[in-house]
Amino acid sequence: MNAVDIINKTKRKIQLAEDEIKYLVNGYTSGEIPDYQMSAWLMAVCLNGLTEEETVALTLAMRDSGDILDLSCIEKITVDKHSTGGVGDKTSMIIGPAAAACGVAVPKMSGRGLGHTGGTIDKLESIRGYRVDVVFDEFADIVNKTGFSIISQSGQLCPADKKIYALRNSTGTVDSIPLICASIMSKKLALNADCLLLDVKWGSGAFMKTPEDAQRLGTLMEKVGKAAGKKCRAIVTDMNTPLGCCIGNSLEIKEAVELLQGKVKGRLYDICIELTANMLELAGKGTIEECTAMAVDAIASGRALDIFRETVKLQGGDSRICNDVELLPQAKYSHIIYAPRDVEIISVNAEELGMASLILGAGRISKDEDIDYAAGIVLEFEIGDKISMDAPLMTLYSDSVSDFSEAALRAYNAIGFRTLTNSALT
Ligand code: URA
(Lines give C-alpha, C1' and ligand atoms only; values in the text may rest on other atoms or scores of the structure.)
Protein backbone atom coordinates (compact mmCIF):
# COMPACT_ATOMS: atom_id res chain seq x y z
CA MET A 1 0.00 0.00 0.00
CA ASN A 2 1.29 3.51 -0.68
CA ALA A 3 -0.01 7.06 -0.44
CA VAL A 4 0.29 7.84 -4.17
CA ASP A 5 -2.02 4.95 -5.11
CA ILE A 6 -4.53 6.12 -2.53
CA ILE A 7 -4.43 9.71 -3.81
CA ASN A 8 -4.89 8.48 -7.39
CA LYS A 9 -7.90 6.36 -6.43
CA THR A 10 -9.70 9.28 -4.78
CA LYS A 11 -8.73 11.48 -7.74
CA ARG A 12 -10.44 8.92 -10.04
CA LYS A 13 -13.44 8.47 -7.70
CA ILE A 14 -12.55 4.85 -6.94
CA GLN A 15 -13.80 3.88 -3.49
CA LEU A 16 -11.05 3.26 -0.91
CA ALA A 17 -11.05 0.17 1.28
CA GLU A 18 -11.19 0.59 5.05
CA ASP A 19 -7.55 -0.51 5.50
CA GLU A 20 -6.36 2.07 2.93
CA ILE A 21 -8.06 4.84 4.92
CA LYS A 22 -6.55 3.53 8.16
CA TYR A 23 -3.12 3.42 6.50
CA LEU A 24 -3.46 7.06 5.43
CA VAL A 25 -4.71 8.35 8.81
CA ASN A 26 -2.22 6.36 10.88
CA GLY A 27 0.66 7.15 8.53
CA TYR A 28 -0.09 10.88 8.61
CA THR A 29 -0.56 10.98 12.38
CA SER A 30 2.76 9.19 13.00
CA GLY A 31 4.62 11.42 10.52
CA GLU A 32 5.39 8.68 7.96
CA ILE A 33 3.11 10.27 5.36
CA PRO A 34 4.22 13.88 4.71
CA ASP A 35 2.01 17.01 4.60
CA TYR A 36 2.23 17.29 0.79
CA GLN A 37 0.73 13.84 0.22
CA MET A 38 -2.01 14.32 2.80
CA SER A 39 -2.79 17.77 1.31
CA ALA A 40 -3.14 16.23 -2.16
CA TRP A 41 -5.54 13.60 -0.82
CA LEU A 42 -7.59 16.20 1.11
CA MET A 43 -7.93 18.31 -2.03
CA ALA A 44 -9.06 15.24 -4.01
CA VAL A 45 -11.72 14.68 -1.31
CA CYS A 46 -12.81 18.32 -1.52
CA LEU A 47 -13.28 18.02 -5.27
CA ASN A 48 -14.69 14.47 -5.54
CA GLY A 49 -16.21 13.76 -2.12
CA LEU A 50 -16.21 10.44 -0.28
CA THR A 51 -18.83 7.70 -0.14
CA GLU A 52 -20.73 7.09 3.12
CA GLU A 53 -18.66 3.94 3.76
CA GLU A 54 -15.43 5.89 3.24
CA THR A 55 -16.64 8.67 5.57
CA VAL A 56 -17.47 6.13 8.30
CA ALA A 57 -14.03 4.49 7.88
CA LEU A 58 -12.27 7.89 8.00
CA THR A 59 -14.19 8.96 11.12
CA LEU A 60 -13.45 5.71 12.96
CA ALA A 61 -9.76 5.75 11.98
CA MET A 62 -9.51 9.32 13.32
CA ARG A 63 -11.42 8.40 16.51
CA ASP A 64 -9.07 5.45 17.07
CA SER A 65 -5.93 7.57 16.68
CA GLY A 66 -6.08 8.49 20.40
CA ASP A 67 -7.94 7.77 23.65
CA ILE A 68 -11.60 6.81 23.72
CA LEU A 69 -13.15 7.81 27.05
CA ASP A 70 -14.75 5.19 29.26
CA LEU A 71 -17.80 6.93 30.75
CA SER A 72 -19.09 3.81 32.52
CA CYS A 73 -18.26 5.48 35.87
CA ILE A 74 -21.02 8.00 35.17
CA GLU A 75 -24.17 6.70 36.77
CA LYS A 76 -26.86 8.19 34.52
CA ILE A 77 -27.38 7.90 30.78
CA THR A 78 -24.94 10.32 29.11
CA VAL A 79 -26.00 12.82 26.45
CA ASP A 80 -23.70 15.07 24.47
CA LYS A 81 -24.64 17.96 22.22
CA HIS A 82 -22.54 19.46 19.48
CA SER A 83 -23.17 22.67 17.63
CA THR A 84 -21.33 23.28 14.37
CA GLY A 85 -20.50 26.79 15.54
CA GLY A 86 -21.83 30.25 15.09
CA VAL A 87 -21.99 33.75 16.51
CA GLY A 88 -23.41 34.35 19.99
CA ASP A 89 -24.06 30.63 20.53
CA LYS A 90 -24.14 30.19 24.30
CA THR A 91 -26.57 27.26 24.26
CA SER A 92 -24.19 24.73 25.89
CA MET A 93 -24.19 26.68 29.17
CA ILE A 94 -28.00 26.58 29.21
CA ILE A 95 -29.02 23.21 27.83
CA GLY A 96 -26.38 21.25 29.78
CA PRO A 97 -27.79 22.28 33.18
CA ALA A 98 -31.38 22.14 31.88
CA ALA A 99 -31.00 18.55 30.62
CA ALA A 100 -29.15 17.57 33.82
CA ALA A 101 -32.06 18.96 35.85
CA CYS A 102 -34.29 16.44 34.03
CA GLY A 103 -32.24 13.40 35.03
CA VAL A 104 -29.59 12.83 32.36
CA ALA A 105 -25.82 13.34 32.61
CA VAL A 106 -24.15 15.88 30.31
CA PRO A 107 -20.36 15.44 30.21
CA LYS A 108 -19.08 17.95 27.65
CA MET A 109 -15.71 18.70 26.18
CA SER A 110 -15.49 21.90 24.13
CA GLY A 111 -12.98 23.94 22.23
CA ARG A 112 -11.71 27.50 22.01
CA GLY A 113 -12.87 29.98 19.41
CA LEU A 114 -11.06 30.70 16.16
CA GLY A 115 -11.99 33.42 13.66
CA HIS A 116 -15.45 34.96 13.86
CA THR A 117 -17.04 32.21 15.99
CA GLY A 118 -16.64 32.12 19.77
CA GLY A 119 -15.59 29.03 21.73
CA THR A 120 -17.44 27.69 24.78
CA ILE A 121 -14.17 27.23 26.69
CA ASP A 122 -13.21 30.92 26.24
CA LYS A 123 -16.67 31.93 27.44
CA LEU A 124 -16.40 29.79 30.58
CA GLU A 125 -12.89 31.08 31.28
CA SER A 126 -14.35 34.56 31.54
CA ILE A 127 -15.77 33.38 34.90
CA ARG A 128 -12.94 34.14 37.33
CA GLY A 129 -11.30 30.95 38.63
CA TYR A 130 -13.23 28.48 36.39
CA ARG A 131 -10.87 25.58 35.63
CA VAL A 132 -11.31 24.11 32.15
CA ASP A 133 -8.40 21.66 32.45
CA VAL A 134 -9.93 19.36 35.05
CA VAL A 135 -8.58 15.77 34.91
CA PHE A 136 -10.92 12.96 33.86
CA ASP A 137 -11.62 11.52 37.35
CA GLU A 138 -12.62 14.92 38.72
CA PHE A 139 -14.68 15.63 35.58
CA ALA A 140 -16.60 12.36 36.06
CA ASP A 141 -17.02 13.16 39.76
CA ILE A 142 -18.53 16.59 38.98
CA VAL A 143 -20.90 15.03 36.43
CA ASN A 144 -21.98 12.44 39.02
CA LYS A 145 -22.60 15.21 41.59
CA THR A 146 -24.37 17.85 39.50
CA GLY A 147 -25.22 16.08 36.22
CA PHE A 148 -23.18 18.50 34.11
CA SER A 149 -19.64 19.66 33.43
CA ILE A 150 -17.78 21.32 30.58
CA ILE A 151 -14.02 21.06 30.29
CA SER A 152 -11.54 21.62 27.47
CA GLN A 153 -10.87 18.79 25.10
CA SER A 154 -8.06 16.52 26.27
CA GLY A 155 -4.94 16.53 24.08
CA GLN A 156 -5.07 12.73 23.90
CA LEU A 157 -8.40 12.68 22.02
CA CYS A 158 -8.16 12.43 18.23
CA PRO A 159 -4.56 13.52 17.56
CA ALA A 160 -5.27 12.70 13.89
CA ASP A 161 -7.98 15.37 13.73
CA LYS A 162 -5.73 17.94 15.38
CA LYS A 163 -3.05 17.42 12.72
CA ILE A 164 -5.44 17.09 9.76
CA TYR A 165 -7.54 20.13 10.80
CA ALA A 166 -4.43 22.32 11.01
CA LEU A 167 -3.41 21.14 7.53
CA ARG A 168 -6.91 21.76 6.14
CA ASN A 169 -6.83 25.31 7.50
CA SER A 170 -3.66 26.08 5.58
CA THR A 171 -4.53 24.24 2.33
CA GLY A 172 -8.05 25.51 1.56
CA THR A 173 -9.61 22.14 2.34
CA VAL A 174 -11.95 23.00 5.23
CA ASP A 175 -15.20 23.27 3.27
CA SER A 176 -15.87 19.63 2.48
CA ILE A 177 -18.92 17.91 4.00
CA PRO A 178 -17.26 14.47 4.51
CA LEU A 179 -14.14 16.07 6.02
CA ILE A 180 -16.18 18.28 8.38
CA CYS A 181 -18.29 15.25 9.32
CA ALA A 182 -15.24 13.07 10.08
CA SER A 183 -13.54 15.86 12.04
CA ILE A 184 -16.55 16.58 14.28
CA MET A 185 -17.76 13.00 14.67
CA SER A 186 -14.32 11.52 15.47
CA LYS A 187 -14.07 13.86 18.48
CA LYS A 188 -17.65 13.20 19.58
CA LEU A 189 -17.26 9.43 19.25
CA ALA A 190 -14.01 9.58 21.26
CA LEU A 191 -15.90 11.36 24.07
CA ASN A 192 -18.20 8.35 23.84
CA ALA A 193 -21.52 9.54 25.35
CA ASP A 194 -24.52 7.21 24.91
CA CYS A 195 -26.56 9.76 22.92
CA LEU A 196 -25.51 12.60 20.69
CA LEU A 197 -27.54 15.58 19.50
CA LEU A 198 -26.05 17.55 16.60
CA ASP A 199 -27.13 21.14 16.09
CA VAL A 200 -26.14 21.88 12.51
CA LYS A 201 -26.18 25.59 11.80
CA TRP A 202 -26.65 27.25 8.46
CA GLY A 203 -26.40 30.89 7.42
CA SER A 204 -23.99 33.79 7.28
CA GLY A 205 -22.48 33.02 10.70
CA ALA A 206 -22.03 29.27 10.06
CA PHE A 207 -19.80 26.89 8.07
CA MET A 208 -22.79 25.75 6.01
CA LYS A 209 -24.23 28.64 4.03
CA THR A 210 -27.48 26.96 2.87
CA PRO A 211 -30.09 24.84 4.71
CA GLU A 212 -29.63 22.13 2.06
CA ASP A 213 -25.90 21.79 2.84
CA ALA A 214 -26.62 21.82 6.58
CA GLN A 215 -29.17 19.02 6.08
CA ARG A 216 -26.65 17.05 4.00
CA LEU A 217 -24.01 17.39 6.74
CA GLY A 218 -26.56 16.54 9.46
CA THR A 219 -27.80 13.42 7.67
CA LEU A 220 -24.24 12.21 7.09
CA MET A 221 -23.27 12.80 10.73
CA GLU A 222 -26.38 10.91 11.90
CA LYS A 223 -25.45 7.95 9.67
CA VAL A 224 -21.86 7.91 10.95
CA GLY A 225 -23.05 8.15 14.58
CA LYS A 226 -25.49 5.28 14.10
CA ALA A 227 -22.83 3.18 12.31
CA ALA A 228 -20.70 3.66 15.45
CA GLY A 229 -23.54 2.39 17.65
CA LYS A 230 -24.73 5.71 19.09
CA LYS A 231 -28.20 7.14 19.45
CA CYS A 232 -27.72 10.16 17.26
CA ARG A 233 -29.93 12.93 15.85
CA ALA A 234 -29.14 16.05 13.81
CA ILE A 235 -31.32 19.13 13.74
CA VAL A 236 -30.76 22.09 11.46
CA THR A 237 -31.00 25.61 12.91
CA ASP A 238 -30.65 29.12 11.50
CA MET A 239 -27.44 31.10 12.12
CA ASN A 240 -28.05 34.01 9.76
CA THR A 241 -28.49 36.24 12.78
CA PRO A 242 -26.64 35.91 16.10
CA LEU A 243 -28.28 33.80 18.82
CA GLY A 244 -29.51 36.18 21.51
CA CYS A 245 -28.40 39.80 21.83
CA CYS A 246 -24.91 39.34 23.32
CA ILE A 247 -21.72 38.47 21.42
CA GLY A 248 -18.44 38.12 23.35
CA ASN A 249 -17.27 35.93 26.19
CA SER A 250 -18.40 37.42 29.53
CA LEU A 251 -21.38 39.09 27.80
CA GLU A 252 -22.57 35.68 26.63
CA ILE A 253 -22.18 34.15 30.09
CA LYS A 254 -24.25 37.07 31.40
CA GLU A 255 -27.00 36.34 28.86
CA ALA A 256 -26.90 32.59 29.61
CA VAL A 257 -27.24 33.25 33.36
CA GLU A 258 -30.08 35.71 32.75
CA LEU A 259 -31.87 33.10 30.65
CA LEU A 260 -31.42 30.53 33.43
CA GLN A 261 -32.83 33.17 35.82
CA GLY A 262 -35.95 33.23 33.63
CA LYS A 263 -35.32 36.76 32.32
CA VAL A 264 -34.62 36.02 28.64
CA LYS A 265 -37.17 34.73 26.13
CA GLY A 266 -37.23 34.88 22.28
CA ARG A 267 -35.24 32.87 19.74
CA LEU A 268 -32.37 31.92 22.07
CA TYR A 269 -34.82 30.56 24.66
CA ASP A 270 -36.86 28.69 22.01
CA ILE A 271 -33.74 27.01 20.56
CA CYS A 272 -32.53 26.02 24.03
CA ILE A 273 -35.87 24.39 24.81
CA GLU A 274 -35.88 22.58 21.46
CA LEU A 275 -32.32 21.28 21.94
CA THR A 276 -32.91 20.21 25.55
CA ALA A 277 -36.15 18.43 24.63
CA ASN A 278 -34.38 16.54 21.83
CA MET A 279 -31.54 15.51 24.17
CA LEU A 280 -34.08 14.19 26.69
CA GLU A 281 -36.10 12.37 24.06
CA LEU A 282 -32.95 10.72 22.65
CA ALA A 283 -32.16 9.56 26.19
CA GLY A 284 -35.59 7.95 26.45
CA LYS A 285 -37.12 10.38 28.95
CA GLY A 286 -40.48 10.65 27.18
CA THR A 287 -42.18 11.94 24.06
CA ILE A 288 -40.97 15.19 22.53
CA GLU A 289 -44.01 16.98 24.04
CA GLU A 290 -43.26 15.59 27.52
CA CYS A 291 -39.57 16.44 27.17
CA THR A 292 -40.41 19.98 26.04
CA ALA A 293 -42.53 20.50 29.17
CA MET A 294 -39.69 19.09 31.32
CA ALA A 295 -37.18 21.48 29.71
CA VAL A 296 -39.46 24.49 30.28
CA ASP A 297 -39.92 23.52 33.92
CA ALA A 298 -36.18 22.96 34.49
CA ILE A 299 -35.56 26.60 33.65
CA ALA A 300 -38.72 28.13 35.16
CA SER A 301 -38.17 26.36 38.49
CA GLY A 302 -34.56 27.60 38.81
CA ARG A 303 -33.23 24.00 38.99
CA ALA A 304 -31.08 24.48 35.88
CA LEU A 305 -29.55 27.64 37.37
CA ASP A 306 -28.81 25.78 40.64
CA ILE A 307 -26.96 23.09 38.66
CA PHE A 308 -24.96 25.67 36.70
CA ARG A 309 -24.03 27.45 39.99
CA GLU A 310 -22.92 24.20 41.63
CA THR A 311 -20.84 23.12 38.61
CA VAL A 312 -19.12 26.53 38.38
CA LYS A 313 -18.30 26.29 42.10
CA LEU A 314 -16.91 22.75 41.85
CA GLN A 315 -14.72 23.86 38.94
CA GLY A 316 -13.26 26.68 41.04
CA GLY A 317 -15.24 29.51 39.42
CA ASP A 318 -16.85 32.51 41.09
CA SER A 319 -20.38 31.12 41.37
CA ARG A 320 -21.67 34.43 42.79
CA ILE A 321 -22.10 35.48 39.13
CA CYS A 322 -25.24 33.31 39.12
CA ASN A 323 -26.85 35.86 41.46
CA ASP A 324 -25.01 38.99 40.33
CA VAL A 325 -23.88 39.07 36.69
CA GLU A 326 -22.13 42.39 37.30
CA LEU A 327 -19.33 40.36 38.94
CA LEU A 328 -18.29 39.13 35.46
CA PRO A 329 -15.40 41.02 33.79
CA GLN A 330 -16.51 44.51 32.73
CA ALA A 331 -14.97 46.49 29.85
CA LYS A 332 -13.17 49.82 30.43
CA TYR A 333 -14.36 51.29 27.14
CA SER A 334 -17.73 51.35 25.40
CA HIS A 335 -19.24 52.93 22.31
CA ILE A 336 -22.90 53.24 21.36
CA ILE A 337 -24.02 53.11 17.71
CA TYR A 338 -27.27 55.02 17.11
CA ALA A 339 -29.88 54.66 14.38
CA PRO A 340 -29.04 57.18 11.61
CA ARG A 341 -32.74 57.80 10.85
CA ASP A 342 -36.09 56.14 11.57
CA VAL A 343 -35.52 52.55 10.42
CA GLU A 344 -36.84 49.02 10.45
CA ILE A 345 -34.18 46.30 10.94
CA ILE A 346 -34.50 43.84 8.08
CA SER A 347 -31.29 41.80 8.29
CA VAL A 348 -28.22 41.16 10.42
CA ASN A 349 -25.05 39.57 9.11
CA ALA A 350 -23.90 37.33 11.96
CA GLU A 351 -20.45 36.69 10.45
CA GLU A 352 -19.73 40.43 10.15
CA LEU A 353 -20.82 41.07 13.75
CA GLY A 354 -18.54 38.18 14.79
CA MET A 355 -15.67 39.90 12.93
CA ALA A 356 -16.44 43.25 14.62
CA SER A 357 -16.39 41.50 17.98
CA LEU A 358 -13.05 39.88 17.10
CA ILE A 359 -11.60 43.33 16.27
CA LEU A 360 -12.72 44.52 19.73
CA GLY A 361 -10.59 41.72 21.24
CA ALA A 362 -13.24 39.04 21.92
CA GLY A 363 -11.74 36.49 19.51
CA ARG A 364 -8.49 35.37 18.01
CA ILE A 365 -7.14 34.91 14.49
CA SER A 366 -4.30 32.54 15.38
CA LYS A 367 -4.74 29.95 18.07
CA ASP A 368 -2.20 31.21 20.63
CA GLU A 369 -3.48 34.79 20.85
CA ASP A 370 -4.82 36.17 24.16
CA ILE A 371 -8.41 37.33 24.23
CA ASP A 372 -10.25 40.12 25.99
CA TYR A 373 -13.01 38.47 28.04
CA ALA A 374 -15.03 41.66 28.51
CA ALA A 375 -15.05 42.66 24.82
CA GLY A 376 -18.05 42.23 22.56
CA ILE A 377 -21.33 43.64 21.31
CA VAL A 378 -24.81 43.96 22.80
CA LEU A 379 -27.61 44.35 20.24
CA GLU A 380 -30.59 46.47 21.25
CA PHE A 381 -32.98 45.07 18.63
CA GLU A 382 -34.36 41.98 16.96
CA ILE A 383 -35.11 41.58 13.26
CA GLY A 384 -38.30 43.45 12.40
CA ASP A 385 -37.93 46.05 15.18
CA LYS A 386 -38.60 49.68 14.28
CA ILE A 387 -36.07 52.08 15.76
CA SER A 388 -36.33 55.86 15.83
CA MET A 389 -33.52 58.16 14.76
CA ASP A 390 -30.81 58.52 17.45
CA ALA A 391 -32.04 55.57 19.52
CA PRO A 392 -29.26 53.06 20.35
CA LEU A 393 -28.81 50.16 17.92
CA MET A 394 -25.98 48.43 19.73
CA THR A 395 -23.21 48.96 22.25
CA LEU A 396 -19.62 47.88 21.61
CA TYR A 397 -17.38 46.99 24.57
CA SER A 398 -13.64 46.52 24.89
CA ASP A 399 -11.08 46.38 27.64
CA SER A 400 -8.17 46.45 25.23
CA VAL A 401 -9.17 48.71 22.32
CA SER A 402 -10.14 52.34 22.93
CA ASP A 403 -10.43 53.32 19.24
CA PHE A 404 -13.75 51.89 18.07
CA SER A 405 -13.72 53.22 14.50
CA GLU A 406 -12.90 49.98 12.61
CA ALA A 407 -15.17 47.71 14.69
CA ALA A 408 -18.00 50.26 14.67
CA LEU A 409 -17.95 50.58 10.87
CA ARG A 410 -17.96 46.81 10.45
CA ALA A 411 -20.78 46.35 12.99
CA TYR A 412 -22.86 49.16 11.45
CA ASN A 413 -22.44 47.68 7.96
CA ALA A 414 -23.65 44.31 9.26
CA ILE A 415 -27.15 45.70 9.82
CA GLY A 416 -29.65 45.93 6.96
CA PHE A 417 -32.16 48.81 7.36
CA ARG A 418 -35.33 49.95 5.67
CA THR A 419 -35.95 53.67 6.03
CA LEU A 420 -39.30 54.54 7.58
CA THR A 421 -41.46 57.59 7.30
CA ASN A 422 -42.33 59.06 10.72
CA SER A 423 -45.84 57.71 10.62
CA ALA A 424 -44.59 54.13 10.14
CA LEU A 425 -42.89 54.27 13.55
CA THR A 426 -46.00 54.72 15.59
N1 URA B 1 -15.44 21.95 13.42
C2 URA B 1 -14.57 20.91 13.49
O3 URA B 1 -14.25 20.43 14.57
N4 URA B 1 -14.07 20.44 12.33
C5 URA B 1 -14.40 20.94 11.12
O6 URA B 1 -13.91 20.45 10.12
C7 URA B 1 -15.30 22.02 11.07
C8 URA B 1 -15.81 22.50 12.23
Side-chain angles (χ1 to χ4, degrees), residues 21 24-25 28-29 38-39 41-47 49-50 54-56 58-63 65-66 80-87 89 91-92 108-123 150-193 196-210 213-222 224-225 228 232 234-237 239 350-351 354 363-367:
I21 291 180
L24 196 66
V25 170
Y28 183 61
T29 311
M38 193 62 176
S39 309
W41 184 74
L42 291 168
M43 186 54 83
V45 174
C46 274
L47 299 175
L50 290 178
E54 286 174 311
T55 310
V56 170
L58 177 64
T59 308
L60 298 186
M62 286 165 66
R63 176 198 67 182
S65 67
D80 193 7
K81 184 268 327 185
H82 180 81
S83 154
T84 58
V87 177
D89 185 351
T91 54
S92 291
K108 250 192 94 48
M109 287 190 179
S110 294
R112 296 184 188 282
L114 199 59
H116 73 277
T117 61
T120 297
I121 287 301
D122 296 320
K123 294 170 198 182
I150 304 183
I151 63 171
S152 60
Q153 191 176 303
S154 132
Q156 273 77 52
L157 289 193
C158 290
D161 177 62
K162 208 169 173 187
K163 216 172 156 191
I164 294 170
Y165 196 37
L167 187 65
R168 285 168 59 211
N169 257 323
S170 54
T171 54
T173 52
V174 170
D175 57 345
S176 148
I177 288 178
L179 295 179
I180 294 175
C181 169
S183 168
I184 293 174
M185 291 302 288
S186 58
K187 288 176 287 212
K188 293 287 118 185
L189 296 176
L191 179 84
N192 207 8
L196 175 59
L197 181 69
L198 300 155
D199 174 16
V200 187
K201 309 265 185 217
W202 74 274
S204 71
F207 272 105
M208 297 293 117
K209 300 298 176 200
T210 65
D213 274 351
Q215 190 57 59
R216 227 168 272 140
L217 176 61
T219 304
L220 188 60
M221 290 201 289
E222 259 181 10
V224 170
C232 184
I235 58 176
V236 169
T237 61
M239 187 39 89
E351 182 167 1
R364 52 173 82 77
I365 294 167
S366 68
K367 71 177 169 39

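Each ligand, and each atom within it, is numbered from 1 in the order the structure gives. This structure is a prediction, so every number in the text was calculated from the model and none was measured. The figures here come from the full heavy-atom set of this structure, side chains too, leaving out hydrogens, waters and symmetry mates.
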Notebook entry, point to check: Taking atom CG of Leu191 and atom CG of Leu196, what is their separation to the nearest 0.5 Å?
Noted result: 9.0 Å

What protein heavy atom sits nearest [atom], and how far off is it?
| atom | result |
| --- | --- |
| atom 3 (O) of ligand 1 | Lys187 NZ, 2.5 Å |
| atom 8 (C) of ligand 1 | Phe207 CE1, 3.4 Å |
| atom 4 (N) of ligand 1 | Ser183 OG, 2.6 Å |

Note to self: When you measure from the heavy atoms of Ile184 to every atom of ligand 1, does any distance fall below 4.0 Å?
What the structure shows: yes

Next item on the list: Mind checking side chain to side chain donor-acceptor pair (under 3.5 Å) for Asp80 and listing every partner two or more places apart, or none if nothing turns up?
Entry: Lys188

Next item on the list: Please identify each residue that fulfils side chain to side chain donor-acceptor pair (under 3.5 Å) with Thr91, with sequence neighbours left out.
Entry: Lys81, Asp89

Margin query: Could you go through Asn169 and Val174, starting from their C-alpha distance and side-chain angles, then the distance that decides it, and tell me whether this counts as side-chain contact (heavy atoms from CB on, under 4.5 Å)?
Written below: CA-CA 6 Å; Asn169 257 323; Val174 170; 3.7 Å; yes

